[in-house]
Protein chains: 2
Amino acid sequence: MRYSPEHKTTMKKHLLAVAGAETKKKGFAAVGVDGLMHAAGVTSGAFYSHFSSKNELFKAVVEAELQDSIQMLVGNPHQDLAAWLHHESNRYLTMSHVRHPEAGCVLPALGAEIARADAGVKDMCEQQMLDARNMLAKRLGDDTAAWGFIAQCVGSLLLARAMANEETQQEVIQASRQFLQRAITKDSDRTPPEK
Amino acid sequence: MRYSPEHKTTMKKHLLAVAGAETKKKGFAAVGVDGLMHAAGVTSGAFYSHFSSKNELFKAVVEAELQDSIQMLVGNPHQDLAAWLHHESNRYLTMSHVRHPEAGCVLPALGAEIARADAGVKDMCEQQMLDARNMLAKRLGDDTAAWGFIAQCVGSLLLARAMANEETQQEVIQASRQFLQRAITKDSDRTPPEK
DNA sequence: GTCTATACGCGGATAGAC
DNA sequence: GTCTATCCGCGTATAGAC
């Protein structure tokens, strides 16, 4: 055959990476198969030897992106709560993340489109997020803090990106970092208010 | 003339309401002018006597939606912080809001598309959000709590809608309510933990 | 202001050659 | 597996009648 046996696997990975970046940047509905394949360096006809439909691509993209994101959470080495939170804030709640959705978390970029997707996509997303919740609950104490942390991070990034000026974007993500500190590290290592 | 003088104003309001619901439900990129006008009870040709382009419609929709949302915030009558927060949670962080994006806040539904829009849309959005921040800061104490509250609400709803099962959706918004209570009402009116 | 009709491009998807 | 070529539908937007 003209193509090496691992070529298909390699190309599929490549397609997922390119599709992830393109769709996070422009929105899944706004990217076409043609433009996507062109960005990947091949022609549109080759698409359907990897995915049976555009919707299947969406599911594959979201799954790969969520796995990547969770791996980053797992990679946080800190045991101390304040240090852990500081590490995550420096990774997620940054101006670089605000400016570059194509290289960032899938949820602020495509969350609304996931919400509108079919049950298969949402099922997969839910399983991944429940994994993330379990992992976070061990670090943060309980499920409330786990979900609250995720929602705060995702919402803050979404909000910051909808702002026009960098100053306001910066204000939003800075506020979110402080808000998380107040909410999460307060119980364990803050002295009670004197009043 | 065949149309009453206030007909245009009335129709434009009607169009904005229909467009708001349709786009929050399906995404702005996914709704066409034709389907939109059909849902509004007229034909597509009439669209351009109200808006010069689809993009102008987007700006008008986002502006109207944000104004509505801020009016709801202003309408919260409670002075007591805990009561104020309870009122907002019962209004925003509900299963009904999760299930019906077409009748809900524009940010979880169209936030990512606002982020990808031109500077005019984001400028307008920023002005509205700065107003909301100012108003919330008076109630919640400072800008940190204001932005944190908004991000938490928006992120929680986005996250819940991306989940497949109602139980998980409920878990997310319940966690968010508790998380906000911890973060916001803790300083003022909670008794310190006994431990 | 709204209608019908239409121009024109790009969307997803398929067929058959190599 | 990838390429070229193509079908078909829907997208935005416009022109002209009423």
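As the structure is a computational prediction, the values presented were derived from the model and not from experiment. Lettering of chains follows the sequences in order, A, B, ..., and the numbering in each one begins at 1.
- Atom CD in B:E56 sits roughly 11 Å away from atom P in D:dA13 (whole-Å rounding).
- Over its full length, the helix from C:dG1-D:dC18 to C:dC18-D:dG1 turns its helical axis through 0°, comparing axes from the five pairs at each end and rounding to 10°.
- In this structure, a donor-acceptor pair under 3.5 Å is absent between the side chains of B:N76 and B:R91.
- Applying a 4.0 Å cut-off to non-hydrogen atoms, the residues of residues 18-37 of chain B that approach DNA chain D are B:V31, B:G32, B:V33, listed by residue number.
- Here ring pair (Phe, Tyr, Trp, His ring centres under 6.0 Å) pairs that include residues 29-48 of chain B, with residues two or more places apart or in two chains, are B:F47-B:F51.
- Applying the salt bridge (charged side-chain N to carboxylate O under 4.0 Å, His left out) rule to A:E171 yields the partners B:R133; only residues at least two apart in sequence or on another chain are considered.
- Ring-plane geometry between A:F58 and A:F28 is classed as tilted, the angle between the planes lying from 30 to 60 degrees on a 0 to 90 degree scale.
- Defined by atom type and a distance below 3.5 Å, a donor-acceptor pair is present between the side-chain atoms of A:E56 and A:S52.
- For the atom pair CD1 (A:I184) and CZ (A:F179), the distance works out to 10.0 Å, reported to the nearest 0.5 Å.
- A heavy atom lying under 4.0 Å from DNA chain C marks the following residues of residues 39-52 of chain B, by number: B:V42, B:T43, B:G45, B:A46, B:S49, B:H50.
- With contacts defined as side-chain heavy-atom distances shorter than 4.5 Å, the pair B:M11/B:V42 qualifies.
- Within the 4.5 Å cutoff, side-chain heavy atoms of A:K59 are placed close to those of A:V121.
- Tested against B:L93 for a side chain to side chain contact (heavy atoms under 4.5 Å, CB included), the candidates B:Q174, B:E88, B:Q152, B:R177 yield a single pass: B:R177.
- In the region residues 109-125 of chain A, proximity to DNA chain C at under 4.0 angstrom, judged on heavy atoms, holds for none of the residues.
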Derivation and outcome, side-chain contact (heavy atoms from CB on, under 4.5 Å), residues A:M129 and A:L66: CA-CA 8 Å; A:M129 294 314 294; A:L66 286 177; 4.2 Å; yes

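- Annotation: the span from B:H14 atom NE2 to B:H50 atom NE2 amounts to 10.0 Å, rounded to 0.5 Å.
- The side-chain heavy atoms of A:E63 and A:Q128, taken from C-beta on, include a pair separated by under 4.5 Å.
- Rounded to whole Å, atom C1' of D:dC3 lies 15 Å from atom NE2 of A:H38.
- Across the protein-nucleic acid pair, B:K54 atom NZ and D:dT14 atom C1' stand 17 Å apart, rounded to whole Å.
- No more than 12 heavy atoms of other residues, nucleotides or ligands shown are found within 6.0 angstrom of NE2 on B:H86.
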